[in-house]
Amino acid sequence: MAKPTPISGFPEWLPEQRLVELHALDTLRARFESFGFAPLETRAVEPLDQLLAKGETDQEIYVLRRLHAADDEGDAGLGLHFDLTVPFARYVAQNRGRLAFPFKRWQIQKVWRGERPQVGRYREFYQADLDVVAEETLALDFDAEMARLLVESMSALPVPPVTLGINNRKVLQGAYAALGIDDVPGTLRIVDKLDKVGERGVLDLLVERAGLAPQVAEACVAIGRIRTADASFADAVRALVPANALLDAGLDELTRVIDALADLPAGSVVANLSIARGLDYYTGTVYEGQLRGHENLGTVCSGGRYDDLVGGGGAKLPGVGVSIGVTRILGRFLGDGLLRATRSVPTCVLVTLPSDEARPAARAAANALRARGIATEVFHEAARFGKQMKYADRRGIPFAWFPPADPSAPHEVKDLRTGAQTPADPASWTPPADDLRPRVVPAE
RNA sequence: GUGGGUGUAGCUCAGUUGGUUAGAGCGCCUGACUGUGGCUCAGGAGGUCGCGGGUUCAAAUCCCGUCACUCACCCCA
């Protein structure tokens, strides 16, 4: 057999890293459910026309194909989902009659994108999504609540605080209309690069690629330069471009959202008029978050409002949602060794096996510990104690348990970190709360 | 898809102008340690030098091709 090798963009972790990932996923789920979001999982595949229809620019999609498929095979029209929003929209449209609106759900699943991997960029990765969809109208309060949820969920993870930039598509679209720009999507996409190529680069691109007049390009960059922690961005925009209905609507929405988030920790939310988002289906509020101190990782969470994504005849189903790039975040913190678990196995106690005759006693002790929620394993052979303790040590198991040679004698338990060994009763001994499960800690 | 870098032991890497049986550290196994790990010491296992072809008396080393990984562009979590 050929030497097994990693596949680029398909991350696989060691158990101690997977424990960190599971911790993150569990934390997010608990946080999502504490806000009343319902759980949901959708299938891995969607019809290709569905995946391609939702305004994606040119998302690289993995197509489903049976190895021995005939040319006219029916599955040919299926592809793996590249996000969780599009499948969610389909699910809502499909189950509309059975859902209660406004419908709020969390969804954590893997998604696949056929792009070239790079730092923070994978072909298979976890996204953790929150969305709410309503019938006919969706209150603007939800736009603010989504931002709040995103900030609070991210703060529950063992990573630095997030800086969430918020903008409103209507602001940019209204402003661009006022400036007489025809290619709004193209302009949006270039302005979105402000952080990456800088003002000079964006100016050049706007003039050369989008064909804007230099003073119009200047105005676009000036708008994109606006960052405010409060609602003062509105006056800044109005000073740059003449008003119109769309612009006013966008500024009003963004003002209300920013004002509603004023109580969040300073710096966690900022009106950032450079945020455009590549996805075409966003129609109002858009979000983009970065981790403080890890801005070079790019966007780690994002989302926005979509008024027309959930189609399917009849009434409108507007929604707003956000997505956390779990794998992008953990890829940095695990890959650079910034986070680790305190051990590589769930085991809290290793029951040593002094002899084959002691098996029943060892098993009984293990069962007594497990019955009280203490993860316990029994060593697999009656080997030297040194070997058995080394087994525990290698895995970071904190406690070794010694059944007595003489049934009338007490059991003993040893803390492998301190070396302290004391008599203990398997029916009542309890480890310190911190040792019960592997914990996630900063490395070094 | 375009361009750059890299491929030697499980991991991180040495390997001088091509020259005998390809090395180190870490990790792993055994023992010193006749039932208590970590430290130390002594042994040991483990490599078709990514793959294919070429040049040469001789290739890990030079040339060509190919694959993989990786970085940047594109786009994005």
Side-chain angles (χ1 to χ4, degrees), chain A residues 2-11 14 24 28 56-61 81-85 108-129 150 154 162 185 188-190 192-193 195-197 201 205 209 275-280 287-291 294 296-304 321-332 335 337 350 352-358 379 381-405 412-421:
Chain A
K3 184 177 178 178
T5 55
I7 299 178
S8 176
F10 290 82
L14 292 168
L28 289 176
E56 278 302 306
T57 46
D58 55 352
Q59 203 65 250
E60 283 288 346
I61 295 169
H81 58 224
F82 55 79
D83 74 2
L84 300 179
T85 308
I108 301 177
Q109 285 180 244
K110 282 186 171 174
V111 302
W112 295 269
R113 295 185 188 176
E115 298 164 346
R116 274 276 206 291
Q118 272 172 50
V119 278
R121 187 177 190 196
Y122 302 89
R123 287 149 79 184
E124 177 182 65
F125 57 98
Y126 277 108
Q127 286 200 160
D129 275 37
L150 197 48
M154 293 290 295
V162 69
L188 282 175
R189 203 164 309 151
I190 294 171
D192 203 33
K193 296 182 200 300
D195 281 340
K196 204 159 194 173
V197 299
L205 284 172
R209 205 186 291 178
I275 293 173
R277 307 291 305 144
L279 295 174
D280 288 346
Y287 317 92
E288 217 168 79
Q290 299 184 329
L291 286 183
H294 296 270
N296 63 350
L297 191 57
T299 303
V300 295
C301 56
S302 62
V322 292
S323 176
I324 298 174
V326 179
T327 304
R328 168 168 291 183
I329 295 169
L330 292 182
R332 160 63 58 88
L350 175 74
T352 58
L353 191 61
S355 66
D356 286 324
E357 295 70 42
F379 197 73
E381 63 178 343
R384 287 178 23 234
F385 275 152
K387 186 173 179 181
Q388 300 194 42
M389 293 177 61
K390 194 168 183 180
Y391 172 95
D393 192 53
R394 268 284 284 158
R395 291 160 178 74
I397 298 171
F399 295 100
W401 193 276
F402 299 95
E412 293 192 353
V413 66
K414 176 172 186 148
D415 186 326
L416 291 183
R417 294 153 304 185
T418 64
Q421 185 164 336

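Any value given below was found using the heavy atoms of this structure, including those in side chains, with hydrogens, waters and symmetry copies removed. All chains are named by letter (A, B, ...) in the order of the sequence lines, taking the proteins before the strands, and each is independently numbered beginning at 1.
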Hey, does [X] reach any base, or is it just sugar-phosphate, or nothing, if we go heavy atoms under 4.0 Å?
| X | result |
| --- | --- |
| Val326(A) | nothing |
| Phe402(A) | base |
| Gly419(A) | base |
| Ile324(A) | nothing |
| Tyr391(A) | nothing |
| Ser302(A) | sugar-phosphate |

All ring pair (Phe, Tyr, Trp, His ring centres under 6.0 Å) counterparts of Phe10(A), not counting sequence neighbours: none
To the nearest 0.5 Å, how far apart are [atom1] in [X] and [atom2] in [Y]?
| X | Y | atom1 | atom2 | value |
| --- | --- | --- | --- | --- |
| Cys301(A) | Asp129(A) | SG | CG | 11.0 Å |
| Gln127(A) | Phe82(A) | CD | CZ | 10.0 Å |
| Thr352(A) | Gln388(A) | OG1 | CD | 5.5 Å |

Output the rounded distance in Å from [atom1] ([X]) to [atom2] ([N]).
| X | N | atom1 | atom2 | value |
| --- | --- | --- | --- | --- |
| Gln290(A) | A77(B) | CD | C1' | 12 Å |
| Asp356(A) | G35(B) | CG | P | 17 Å |
| Leu416(A) | C39(B) | CG | P | 14 Å |
| Glu115(A) | C75(B) | CD | P | 11 Å |
| Gln421(A) | U36(B) | CD | C1' | 7 Å |
| Asp393(A) | G37(B) | CG | P | 11 Å |
| Arg121(A) | A77(B) | CZ | P | 11 Å |
| Lys414(A) | G35(B) | NZ | P | 15 Å |

Side chain to side chain donor-acceptor pair (under 3.5 Å) partners for Arg417(A), two or more places apart: Asp415(A), Asp435(A)
Can you sort out the partners of Tyr122(A) under side chain to side chain donor-acceptor pair (under 3.5 Å), two or more places apart, ordered by chain and number? none
Taking atom types as they are modelled, is there a donor-acceptor pair under 3.5 Å from the base of U70(B) to the side chain of Gln118(A)? no
Using atom [atom1] in both nucleotides, what's the gap between [N] and [M] to the nearest angstrom?
| N | M | atom1 | value |
| --- | --- | --- | --- |
| G23(B) | U16(B) | C1' | 14 Å |
| U55(B) | G10(B) | C1' | 35 Å |
| U70(B) | U30(B) | P | 35 Å |
| A59(B) | U8(B) | C1' | 14 Å |
| G53(B) | C11(B) | P | 26 Å |
| U61(B) | C74(B) | C1' | 37 Å |
| G50(B) | A14(B) | P | 14 Å |
| C39(B) | C13(B) | P | 24 Å |

Candidates [options] - which lies nearest the side chain of [X]:
| X | options | result |
| --- | --- | --- |
| Phe385(A) | U36(B), C75(B), A77(B) | U36(B) |
| Gln127(A) | A72(B), G37(B), A77(B) | A77(B) |
| Lys193(A) | U36(B), C75(B), A77(B) | C75(B) |

So do [Y] and [X] actually touch side chain to side chain, heavy atoms under 4.5 Å?
| X | Y | answer |
| --- | --- | --- |
| Arg332(A) | Asn296(A) | yes |
| Arg277(A) | Ile275(A) | yes |
| Leu150(A) | Val162(A) | no |

Could you pull out the protein-nucleic contacts involving nucleotides 28-31 of chain B (nitrogen or oxygen on both sides, under 3.5 Å)?
unit_1 : atom_1 : unit_2    : atom_2 : d
C28(B) : OP1    : Arg394(A) : NE     : 3.0

Pick the closest RNA chain B nucleotide for Gly325(A) and for Pro117(A) by heavy atoms, then say which residue is nearer the 5' end. Pro117(A)
If you pin Thr299(A) and Arg417(A) to their nearest nucleotides in RNA chain B, which one's is more 5'? Arg417(A)
Under 3.5 Å for both pairing distances: what stems, at least three Watson-Crick or G-U pairs long, include RNA chain B? B:1-7 with B:67-73, B:10-13 with B:23-26, B:28-32 with B:40-44, B:50-54 with B:62-66
Only counting residues at least two apart or in another chain, list the ones meeting side chain to side chain contact (heavy atoms under 4.5 Å, CB included) with Lys110(A). Trp112(A), Glu124(A), Tyr126(A)
pi-stack flag for Phe125(A) and A77(B), centroid dist under 5.5 Å, interplanar under 30°: yes
Tyr391(A) ring centre to Arg395(A) NZ or CZ under 6.0 Å, with the angle to the axis within 45°? yes
Just to confirm, is there a sub-4.0 Å distance from OP1 or OP2 of G35(B) to any side-chain nitrogen or oxygen of Ser355(A)? no
I want to check one thing: is the phosphate of G4(B), taken as OP1 and OP2, less than 4.0 Å away from some side-chain N or O of Arg116(A)? no
NZ/NE/NH1/NH2 to OD/OE distance under 4.0 Å, Lys387(A) and Glu381(A): yes
